[in-house]
Amino acid sequence: MSNMSMASYENDGTMSASTTDNGALLNVTSSNTELNGTDRAILLIFKDTYTAYLVLNVIATAIGLIGNCMVLVLMRDVKLSLLSYPVYLRFLAVSDSTVLVTSCIHESLRFFISFYLLFSSLTFCNVWRATRFTVGLLSPWLLAGLTLDRFFCVVFPLKRDQFCTPRKATVVCSCLTSLSIALTLPLLFDMKVVKGPQDVICFPGDKVVGYYVFLRLLFNSLLPCLLILVFTIVIIIHIQYSTIFRKRFTFTRSGSTDRTQDKSLRPLMLISILAFVTLLPSTISESVILILMTFKLNVKTLIFFSDLWPAFYILYLINFGQNFYILMSSSNYRQIMKRTLNCSNVPKLNENIPVATITVNVSDISKGITQSGTTLS
């Protein structure tokens, strides 16, 4: 989630919307609006809520960064080097970490009203917005690519060696990265830095706001979530049918390998399922907010959904740091992690260790041979 629209209240209780950052909805106030006692109470409660939201944001970022770093360590294992899904997980670790770091910085600057420290320059504003939107767009599609990769492995096992290779996974991830950058470029042609009474705001201009809303709602959440849901359902159904078939027509020993593979597959499927669960609420809440702003509906309704948005956004951030902890639910990945950490802790042999040598005098050897020969004669 990156940009949204800032609502400036008017005397009649409606809104005139101009594009700006999404968090401006969290600080909806205006000197032109006369607030009654109930409205003031809501804003005071919301201020405390936003403090808790920032703390949770920092905690989610720290835990997520640790998990993403451990994913990079885990995926270095030699046994995983010939598989395709570690490629997606490595790309996800880098992309998700970028989302977490930029989000934490952004929300911290908003809380302390310090946007002017970074966003006074239009060039930096462009780079910042492009980076946030690119990684925000890339991560859901990498999850969709991971789910599609698992779909081919489960549904078409005979073609797994043809489609699910590290090289093709790298090509897919690189294409998704390039596509995300290409879709972000139009947003750079109409960026603005607006100075407010207390801070500055960096946001897309009116010319590209429709394009942004289209990308944010369709390509950033709804479409990848739909693909993840469909492929996950098909995979689960196919696994259930395969399990029933093995129970009927195979012996226990012959089916042990397949059950081990299923245990390794379950965490990957759980990653896709939880990604769908965590991405969708923030998308729905943002969609409702955008509809309220577009049709200039009641301000109190907008404040109500804005109060729900921080909780959904924390849930959204959890998606970008949960992969490692889900993988650790499987004993197979725990063993790989232990083996990887043990190998990294083994001290290397010192190649410069001095070797003991014995100096032998050749003349002494020749004298000994001569004396032994004389004695024998």
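In this text, all values refer to a predicted model and were calculated from it rather than measured experimentally.
No more than 12 heavy atoms of other residues, nucleotides or ligands lie within 6.0 Å of NZ in Lys159, so this atom counts as exposed by the packing criterion. Residue Phe112 qualifies as open at atom CZ: its count of foreign heavy atoms under 6.0 Å is 12 or below.
Atom-to-atom distance recorded for Ile105:CD1 and Leu100:CG is 11.0 Å, nearest 0.5 angstrom. Atoms CG and CG, from Leu56 and Leu317 in turn, are 10.0 Å apart once rounded to the nearest 0.5 Å. Going from atom CG of Leu187 over to atom CZ of Arg129 covers 10.0 Å, rounded to the nearest 0.5 Å. Here SG of Cys164 is found 4.0 Å from CG of Asp149. Values are rounded to the nearest 0.5 Å.
Between Tyr211 and Leu183 the shortest side-chain heavy-atom distance falls below 4.5 Å. Leu327 has its side chain within reach of Met75: a pair of non-hydrogen atoms, C-beta onward, lies under 4.5 Å apart. The side-chain heavy atoms of Leu227 and Leu148, taken from C-beta on, include no pair separated by under 4.5 Å. Two residues are said to be in side-chain contact when any heavy atoms from C-beta on lie closer than 4.5 Å; Asn68 and Phe320 fail this criterion. When side chains are defined from C-beta on, Val71 does not count as touching Arg90, because their heavy atoms never get closer than 4.5 Å. Counting heavy atoms from C-beta on, the side chains of Val73 and Met337 come closer than 4.5 Å. The shortest side-chain heavy-atom distance between Asn319 and Leu143 falls under the 4.5 Å cut-off.
Here Leu185 sits in one hydrophobic cluster together with Leu188; the rule is ILVMFWY side chains under 4.5 Å apart, joined directly or through other members.
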(message) Using the rule given for side chain to side chain contact (heavy atoms under 4.5 Å, CB included), can you reason through Leu74 versus Met328, listing the C-alpha separation, both sets of side-chain angles and the distance that settles it, and then say yes or no?
(response) CA-CA 10 Å; Leu74 177 64; Met328 288 299 100; 3.9 Å; yes
(request) Could you check Ser180 against Thr134 for side-chain hydrogen bond (donor to acceptor under 3.5 Å, both in side chains), going step by step and ending with a plain yes or no? (result) CA-CA 5 Å; Ser180 299; Thr134 299; over 6 Å; no
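In this structure, Phe115 has its ring center under 6.0 Å from that of His106. Aromatic ring centres of Phe111 and Tyr53: separated by at least 6.0 Å. Less than 6.0 angstrom separates the ring centroid of Tyr316 from the ring centroid of Tyr313.
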If you look only at distance, which donor and acceptor atoms sit under 3.5 Å apart when one is on a side chain in residues 116-123 and the other is two or more places apart or in another chain?
unit_1, atom_1, unit_2, atom_2, d
Ser120, OG, Tyr116, O, 2.8
Ser121, OG, Thr123, N, 3.4

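Of the possible donor and acceptor atoms, one in the side chain of Thr177 sits under 3.5 Å from a partner among the backbone N and O of Cys173. Side chain of Thr98 to main chain of Val94: a donor-acceptor pair is present (N/O by atom type, distance under 3.5 Å, no hydrogens or angles).
A side-chain hydrogen bond (donor to acceptor under 3.5 Å, both in side chains) check over residues 136-147, counting only residues at least two apart or in different chains, returns the pairs Ser95-Ser139, Asp96-Ser139, Thr147-Ser272.
Put simply, the residue from Leu142, Ile181, Val171 that forms a side chain to side chain contact (heavy atoms under 4.5 Å, CB included) with Leu176 is Leu142.
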